[in-house]
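One structure is given here, and the rest of the page talks about it.
Just so we're clear, the structure is a prediction, and the values are computed from it rather than from any experiment.
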Amino acid sequence: MPNATDRVRAITETVNRYLELVAKGSADDIVELYADDATVEEPVGGEVHIGRTAIHGFYAAVNDVQRECELVTLRVAGNEAAFQFRLTVTAGQHRMVIEPIDVMVFDSRGKVTAMKAYWSAGDMRQL
């Protein structure tokens, strides 16, 4: 990512791709966005998943549920992005909405090196 404009564009595209994959993709697809030694902490204060194998295992938990994502707001600064989104999950007769704020750090190749998700039970509601 040679200049600031290109970096912002690349990070914005990756965040949008991430949300698309969280909604419709598989763990295999999502993990491709991450660097080999990346970390995922979701939610903050919970387990930290280190490396693509652990990250894949984390995302595989939602492969069998219907999901929808909507970006609420996105801010990009330097090599980082902070964004709020709305995730609707449907499992059988149950529907739930969660609105996390994720913070991602990117390397020079545009891969996610760290992701932290800020949410708690108060950010979830049944539909």
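- Within the 3.5 Å criterion, the main-chain N or O of Glu13 finds no donor-acceptor partner in the side chain of Asn16.
- In this structure, Pro43 and Tyr118 have side chains that are not in contact, with every pair of non-hydrogen atoms separated by 4.5 Å or more.
- Under the 4.5 Å side-chain criterion, counting only non-hydrogen atoms from C-beta, Leu87 is not in contact with Glu99.
- Across Gly78 and Ile11, no two heavy atoms sit closer than the pair O-CD1, 3.8 Å.
- The nearest pair of heavy atoms linking Ala23 to Cys69 is CB-N, 3.7 Å.
- Without hydrogens or angle criteria, Glu20 side chain to Lys24 main chain gives no donor-acceptor distance under 3.5 Å.
- Under the 3.5 Å distance criterion, the side-chain polar atoms of Arg67 are matched with a main-chain donor or acceptor of Val22.
- Ring planes of Tyr59 and Tyr34: tilted class, angle from 30 to 60°.
- One hydrophobic cluster, built from ILVMFWY side chains closer than 4.5 Å, cannot hold both Ile101 and Val15; they sit in different ones.
- Put simply, the side chain of Lys111 gets close to the backbone of Glu32: a donor and an acceptor are under 3.5 Å apart.
- With Asp107 contributing its side chain and Val112 its backbone, the two residues share no donor-acceptor pair below 3.5 Å.
- The distance from the CG atom of Leu21 to the OG atom of Ser26 is 7.5 Å, given to the nearest 0.5 Å.
- Hydrophobic clustering of Ile, Leu, Val, Met, Phe, Trp and Tyr side chains at less than 4.5 Å, counting indirect connections, unites Val76 with Leu71.
- Between atom CD1 of residue Ile98 and atom CE of residue Met124 there is a gap of 5.5 Å, rounded to the nearest 0.5 Å.
- Between the CZ atom in Arg7 and the OG1 atom in Thr12 there is a gap of 11.5 Å [rounded to 0.5 Å].
- By the 30° and 60° cut-offs, the orientation of the rings of Phe58 relative to His49 is tilted.
- Residues Thr88 and Met96 fail the side-chain proximity criterion, which asks for heavy atoms closer than 4.5 Å.
- Rounded to the nearest 0.5 Å, atoms CZ (Arg9) and OG1 (Thr14) are 12.5 Å apart.
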Side chain to side chain contact (heavy atoms under 4.5 Å, CB included) evaluation trace for Arg17 with Leu33: CA-CA 9 Å; Arg17 179 74 176 140; Leu33 300 174; 4.1 Å; yes
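- For the atom pair CD (Glu80) and OG1 (Thr113), the distance works out to 8.0 Å, reported to the nearest 0.5 Å.
- Between Ala27 and Asn63 the shortest heavy-atom distance is N-OD1, 3.2 Å.
- The cluster map of Ile, Leu, Val, Met, Phe, Trp and Tyr, joined by side-chain heavy atoms under 4.5 Å apart, puts Val97 and Phe83 in different clusters.
- In this structure the side chain of Phe85 reaches within 4.5 angstrom of the side chain of Asp102, judged on heavy atoms.
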Trp119 vs Glu42, side chain to side chain contact (heavy atoms under 4.5 Å, CB included): CA-CA, chis, key distance, verdict: CA-CA 8 Å; Trp119 62 273; Glu42 182 165 344; 3.4 Å; yes
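- Annotation: the span from Ile55 atom CD1 to Ile50 atom CD1 amounts to 9.0 Å, rounded to 0.5 Å.
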